[in-house]
Amino acid sequence: MPELPEVEVVRRGLAQWVTGREIAAAEVLHPRAVRRHVPGADEFAARLKGRTLLSAERRGKYLWLPLSGAEESLLAHLGMSGQLLVVDPQAPPERHLRVRLRFEDGGPDLRFVDQRTFGHVMLTALAGGVPEPIAHIAPDPFEAAFDDDEFARRLRARRTEVKRALLDQSLISGVGNIYADEALWIARLHWARPTQTLTRPKIAELLAGVRAVMSAALRQGGTSFDSLYVNVNGESGYFERSLEVYGRRDLPCSRCGTAIRREAFMNRSSYSCPTCQQRPRPRPAG
């Protein structure tokens with residue numbers, strides 16, 4: 001699933017290509033794409049007609065396009081295979097095209113393409129500038145609203161494994177499996193390290209790792225393991241080539257040369273270096 005860097009790459013493309021454009025028509029080609037828009041596909045399309053897209057915003061893994069005329073936005077979650085593409089209006093429909101927006105200026109369409117249909121788009125009210133359905137999601141580490149000290153306090157209070165905490169979108173948004181593993185490697189932390197044992201300096205080091213790896217991924221267009229993640233122009237990112245541990249089982253750690261290990265974690269995989277990221281010892285009972 002796309003994480004913060006991949007979604008931010010898409011947001012930047014949307015900001016460039018659709019901001020300030022008036023919607024001439026909206027077309028829903030698969031009802032599942034708007035399944036969370038309770039009034040239904042026809043109402044979704046009717047409410048978009050004539051509205052102008054004012055900007056492109058993001059929190060964590062969610063994107064939204066504020067609309068003219070009301071405190072309302074077009075909210076999108078890409079899921080595992082969703083793509084928001086800027087496409088010539090004369091181009092043939094993509095095989096998995098779900099929603100299409102045409103514009104009054106006759107310029108490029110905005111198309112939502114989703115092979116697996118786990119993503120969705122919906123119209124929703126804004127609350128304090130953020131769509132209501134995601135108001136509970138914590139700020140991401142690049143937002144001005146993100147408070148490092150508050151994060152450290154809440155992280156230590158979680159009393160859970162550090163990677164589980166990093167994936168908790170109510171604590172910090174935008175971090176997924178890939179960048180959690182990479183940040184933990186930078187901070188020399190095993191994913192099972194109890195959060196209550198982390199010192200403030202170590203948490204600061206971990207946050208610096210999160211920001212460093214995500215910034216590097218942004219510079220390279222994100223991470224593309226297959227053709228499903230692309231930017232608005234259909235181009236893949238290439239940060240996969242710079243990953244230190246994720247997906248590198250049995251390859252040497254670039255820091256110490258030890259073979260990277262893969263462990264089962266929450267029905268997925270976690271990658272780490274056995275030397276740089278030693279598993280915490282079990283704590284005595286009581």
Side-chain angles (χ1 to χ4, degrees), residues 1-8 58-62 130 133-217 223 243-249 253-256 258-286:
M1 183 177 294
E3 300 180 29
L4 185 155
E6 291 76 44
V7 178
E8 174 62 14
R58 179 194 54 75
R59 170 162 286 183
K61 305 173 187 179
Y62 284 86
V130 178
I134 64 168
H136 65 286
I137 294 177
D140 67 57
F142 293 107
E143 289 186 59
F146 188 89
D147 186 323
D148 288 24
D149 291 336
E150 177 67 6
F151 170 78
R153 185 192 67 77
R154 295 182 63 201
L155 179 71
R156 285 174 52 84
R158 279 292 195 272
R159 304 185 70 83
T160 187
E161 298 159 338
V162 63
K163 185 173 177 179
R164 286 181 184 269
L166 283 178
L167 299 180
D168 183 347
Q169 302 298 295
S170 69
L171 180 64
I172 179 172
S173 65
V175 183
N177 206 35
I178 296 174
Y179 298 114
D181 280 357
E182 294 295 300
L184 290 167
W185 179 84
I186 292 172
R188 298 175 183 258
L189 286 169
H190 188 274
W191 60 263
R193 175 77 174 267
T195 55
Q196 66 270 25
T197 69
L198 296 174
T199 64
R200 291 277 178 151
K202 181 55 75 171
I203 294 172
E205 186 179 348
L206 176 59
L207 268 179
V210 168
R211 290 179 171 125
V213 70
M214 287 187 168
S215 295
T223 301
L243 294 172
E244 296 287 357
V245 288
Y246 188 87
R248 292 178 53 81
R249 180 180 182 179
C253 170
S254 66
R255 194 159 48 201
C256 71
T258 305
I260 299 299
R261 66 186 163 194
R262 173 190 173 277
E263 298 173 278
F265 171 80
M266 292 176 61
N267 297 317
R268 59 186 91 180
S269 297
S270 196
Y271 296 88
S272 60
C273 171
T275 299
C276 298
Q277 300 167 265
Q278 294 185 14
R279 176 181 279 275
R281 296 178 180 178
R283 305 188 74 184

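All figures in this text were calculated on a predicted structure; none of them were measured in a lab.
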Only counting residues at least two apart or in another chain, list the ones meeting ring pair (Phe, Tyr, Trp, His ring centres under 6.0 Å) with W185.
none
Please confirm whether the backbone N or O of [Y] pairs with a side-chain atom of [X], one donor and one acceptor, at under 3.5 Å?
{"X": "K61", "Y": "E6", "result": "no"}
{"X": "Q277", "Y": "L189", "result": "yes"}
{"X": "S269", "Y": "A264", "result": "no"}
{"X": "Q196", "Y": "R158", "result": "no"}

Does the side chain of [X] reach to within under 4.5 Å of the side chain of [Y], using non-hydrogen atoms?
{"X": "E182", "Y": "V245", "answer": "yes"}
{"X": "Y179", "Y": "L4", "answer": "no"}
{"X": "F146", "Y": "I172", "answer": "yes"}
{"X": "M214", "Y": "V175", "answer": "yes"}
{"X": "R154", "Y": "D168", "answer": "no"}
{"X": "T258", "Y": "C276", "answer": "no"}
{"X": "E263", "Y": "R279", "answer": "yes"}
{"X": "S272", "Y": "R261", "answer": "yes"}

Could you report the tightest heavy-atom contact between [X] and [Y], atom names first, then the distance?
{"X": "L167", "Y": "G176", "answer": "CD2-C, 3.4 Å"}
{"X": "P274", "Y": "A259", "answer": "CD-O, 3.2 Å"}
{"X": "I186", "Y": "E205", "answer": "O-OE2, 4.0 Å"}
{"X": "S173", "Y": "A138", "answer": "OG-O, 2.7 Å"}

May I have all residue pairs that pass salt bridge (charged side-chain N to carboxylate O under 4.0 Å, His left out) and include part of residues 134-144, sequence neighbours excluded?
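For residues 134-144: R58-D140, R59-E143.
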Among residues two or more places apart or on two chains, list those pairs meeting salt bridge (charged side-chain N to carboxylate O under 4.0 Å, His left out) that have a residue in residues 184-200.
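Pairs touching residues 184-200 that pass the test: none.
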Tell me whether the rings of Y246 and Y271 are parallel (<30°), tilted (30 to 60°) or perpendicular (>60°).
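Y246 and Y271: perpendicular rings.
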Option passing side-chain contact (heavy atoms from CB on, under 4.5 Å) with L171 (candidates L155, T195, L166)
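Checked L155, T195, L166 against L171; only one passes side-chain contact (heavy atoms from CB on, under 4.5 Å): L155.
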Return the set of residues passing side chain to side chain donor-acceptor pair (under 3.5 Å) with R164 (not counting sequence neighbours), or none when no residue passes.
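For R164 the side chain to side chain donor-acceptor pair (under 3.5 Å) partners, ignoring immediate neighbours, are E161.
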Residues two or more places apart in sequence or in another chain: which of them pass side chain to side chain donor-acceptor pair (under 3.5 Å) with S270?
K163, D181
Sequence neighbours excluded, which residues qualify as side chain to side chain contact (heavy atoms under 4.5 Å, CB included) partners of S215?
F142, R219
